[in-house]
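Single-structure report; data block below.
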Amino acid sequence: MGASAESRLAQLSDGGEKFVARRIVLLADLDYFYSQAEELRNPSLAGKPVVVCVYSGRTKESGVVATANYEARRFGVRSGMPIALAKKRLSGADAVFLPVDFAYYKEVSERVMRIMKEYSDQLEQVGLDEAYLDISNRVENFVEAEELARELKGRVLREVGLKITVGVGPNKIIAKMASDAAKPDGLMVVKPDDVKSFIAPLPVDKIPGVGKKTAERLEGLGVKTVRDLAQFDPVKLVDEFGDRLGAYLHASSRGEDEDPVVGKAESGSISKIVTLKENTKDQKSILPKVEEICEEIQKRAVKEGILFRTIGIIAITADLGIKTRTKSLPAPTDDLGILKRESSELAKKFLQSTDKELRRIGVHISDFTRRERGQTTLAGYL
DNA sequence: CCTCCACTCTC
DNA sequence: CCGTTTAGTGGAGG
């Protein structure tokens, strides 16, 4: 999977021995991005706890924290935490709560990405606030890489006004772990010779892609640190976690990662979920929502020139369980009528199949093909 | 091989 | 006290 064009090209012949040319990968991460962007346009916020929130619209205060700056984090406020709980923790702290403004964050992000692009031929953006840069062809060694990183940090601060954290390593995983260890406003360079000693003592959940669940399962096997993981039988890992994750865990525990830095492909799915005013299983209040969401999603599909062949609904029940229902169409389409009919049908059937009330409802499209110039659409096949 | 769905992760 | 979006894996069943 990792070994595509780029890394194959990097294989050089050396007296009959093959080796993969060493890469130098940089990860730049915009610190507590949404909150920092808010401080940027309103400097009077600096020094105060700033909490950027996704309001659900259910009640005045319902919703969760998207990002909190470090002043707020000192009070135990974290991403994903209910706003009400964050308020409790920050009571009497002169904190500021703001709603997310993605259009603004996107604009700020683009200014930063434009600068970053000058520092590599290959930039892989991850969300609005992160990007991997392959700087192998821009620097000779890790000392020069550190100079480049400092320069990048300086330029982003001077030209945009944002603090970033930069991690540098021989691959994406190490660059990411270095950045995580160095934030905020940090810089860490991990040379190939230092990889093992850097990662060995870290808990396994510091490995990108290892979250709470995987970490708990590993702990059940007596694996707490990356060192433990590196010593664990890879065959047993594959047994326990499957081919992909098992192999990934083994490789990453040894600091190995061939995944190339590549500009992201176009997205493979579009979805939108909304929170209902109150929990309900009433078709009359849910189906109009479904249709509304269909309209937005279809508009995006048309704008991006894509046809979808799979339609799905996503229901979050009152007990916060996630249920999905999908249907594949006989042919790709971007027809709004089809999207509405099929998603309403899926929603109706789902509602009939359960006793649970819904808290949120959403629509999903996937299995895309690009609409060719002048391609006829197969509307009305029903 | 395809379809459907649960689950995990991340920001 | 409870958001949003996307990618990916894997199992069950056909």
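Nothing here was measured: the structure is a model prediction, and the numbers come from that model. Below, chains carry the letters A, B, ... as their sequence lines are ordered, and counting in each starts from 1.
The stretch residues 125-133 of chain A touches DNA chain B through A/Asp129, A/Glu130, each having a heavy atom within less than 4.0 Å of the strand.
Nucleic acid contact class of A/Leu320 (heavy atoms, under 4.0 Å, all strands): base. Using a 4.0 Å heavy-atom distance criterion, A/Ser79 is classed as making no nucleic acid contact. Across all strands, A/Thr275 comes closer than 4.0 Å only to sugar-phosphate atoms, never to a base (heavy-atom distances). Residue A/Thr310 is classed as having no contact, given no heavy-atom separation below 4.0 Å to the nucleic acid.
To the nearest angstrom, P of C/dG10 lies 11 Å from CG of A/Leu249. Rounding to whole angstrom units, CZ of residue A/Arg359 and C1' of C/dG3 are separated by 10 Å. Put simply, NZ on A/Lys88 is 8 Å from C1' on C/dC1, counting in whole angstrom units. Atom CZ in A/Phe102 sits roughly 14 Å away from atom P in C/dG3 (whole-Å rounding). Atoms CE (A/Met81) and P (C/dT4) sit 18 Å apart, rounded to a whole Å. Protein atom NZ of A/Lys106 is 16 Å distant from nucleotide atom C1' of C/dT4, rounded to whole Å. The interatomic distance linking A/Ile322 (CD1) with C/dC2 (P) rounds to 16 Å, in whole Å. Put simply, OH on A/Tyr55 is 13 Å from P on C/dC2, counting in whole angstrom units.
Residue A/Leu133 forms a side chain to side chain contact (heavy atoms under 4.5 Å, CB included) with just one option from A/Asp121, A/Ile24, A/Leu148, A/Leu123, and that option is A/Leu123.
The two atoms that bring A/Leu152 and A/Ile115 nearest to each other are CD1-CG2, 4.1 Å, heavy atoms only.
A/Asp31 is linked by a side chain to side chain donor-acceptor pair (under 3.5 Å) to A/Thr165, counting only residues two or more places apart in sequence or in another chain. Remark: A/Asp101 pairs with A/Arg41 by the side chain to side chain donor-acceptor pair (under 3.5 Å) rule, at least two apart or across chains. With sequence neighbours left out, the side chain to side chain donor-acceptor pair (under 3.5 Å) criterion links A/Lys212 to A/Glu216. With sequence neighbours left out, A/Lys272 forms a side chain to side chain donor-acceptor pair (under 3.5 Å) with no residue at all. Under the side chain to side chain contact (heavy atoms under 4.5 Å, CB included) criterion, A/Lys87 pairs with A/Glu61, A/Ile83, A/Phe97, sequence neighbours left out. Applying the salt bridge (Lys or Arg N to Asp or Glu O under 4.0 Å) rule to A/Glu345 yields no partners; only residues at least two apart in sequence or on another chain are considered.
One N or O on the side chain of A/Arg78 and one on the backbone of A/Arg73 form a donor-acceptor pair closer than 3.5 Å. Of the possible donor and acceptor atoms, one in the side chain of A/Lys281 sits under 3.5 Å from a partner among the backbone N and O of A/Leu351.
Where DNA chain B pairs in unbroken runs of 3 or more (Watson-Crick or G-U, both distances under 3.5 Å), the stems are B:1-8 with C:7-14.
The hydrophobic cluster around A/Leu336 extends to none of the other residues, as no ILVMFWY side-chain heavy atom falls under 4.5 Å of it. Counting Ile, Leu, Val, Met, Phe, Trp and Tyr side chains that sit under 4.5 Å apart, directly or through other members, A/Ile174 shares a hydrophobic cluster with A/Ile173, A/Met177, A/Met188, A/Val190, A/Val195, A/Phe198, A/Ile199, A/Leu202, A/Val204, A/Ile207, A/Val210, A/Leu218, A/Leu221, A/Val223, A/Val226, A/Leu229, A/Phe232, A/Leu237, A/Phe241, A/Leu245, A/Tyr248, A/Leu249.
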Shorter than 3.5 Å, N or O on both sides, protein versus nucleotides 5-8 of chain C: list them out with atom names.
{"unit_1": "C/dT5", "atom_1": "OP2", "unit_2": "A/Ile273", "atom_2": "N", "d": "3.1"}
{"unit_1": "C/dT6", "atom_1": "OP1", "unit_2": "A/Arg300", "atom_2": "NH2", "d": "3.2"}
{"unit_1": "C/dT6", "atom_1": "OP2", "unit_2": "A/Ser271", "atom_2": "N", "d": "3.0"}
{"unit_1": "C/dT6", "atom_1": "OP2", "unit_2": "A/Ser271", "atom_2": "O", "d": "3.4"}
{"unit_1": "C/dA7", "atom_1": "OP1", "unit_2": "A/Gly268", "atom_2": "N", "d": "2.9"}
{"unit_1": "C/dA7", "atom_1": "OP2", "unit_2": "A/Gly268", "atom_2": "N", "d": "3.3"}
{"unit_1": "C/dA7", "atom_1": "OP2", "unit_2": "A/Ser269", "atom_2": "N", "d": "3.2"}
{"unit_1": "C/dA7", "atom_1": "OP2", "unit_2": "A/Ser269", "atom_2": "OG", "d": "3.0"}

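Taking every nucleotide of DNA chain B with any atom under 4.0 Å from a non-hydrogen atom of chain A, the first and last of them, 5' to 3', are B/dT3 to B/dC11.
Residues A/Ser44 and A/Asn42 bring a donor and an acceptor atom of their side chains to less than 3.5 Å of each other.
The ring of A/Phe368 has its center no closer than 6.0 angstrom to the ring center of A/Phe308.
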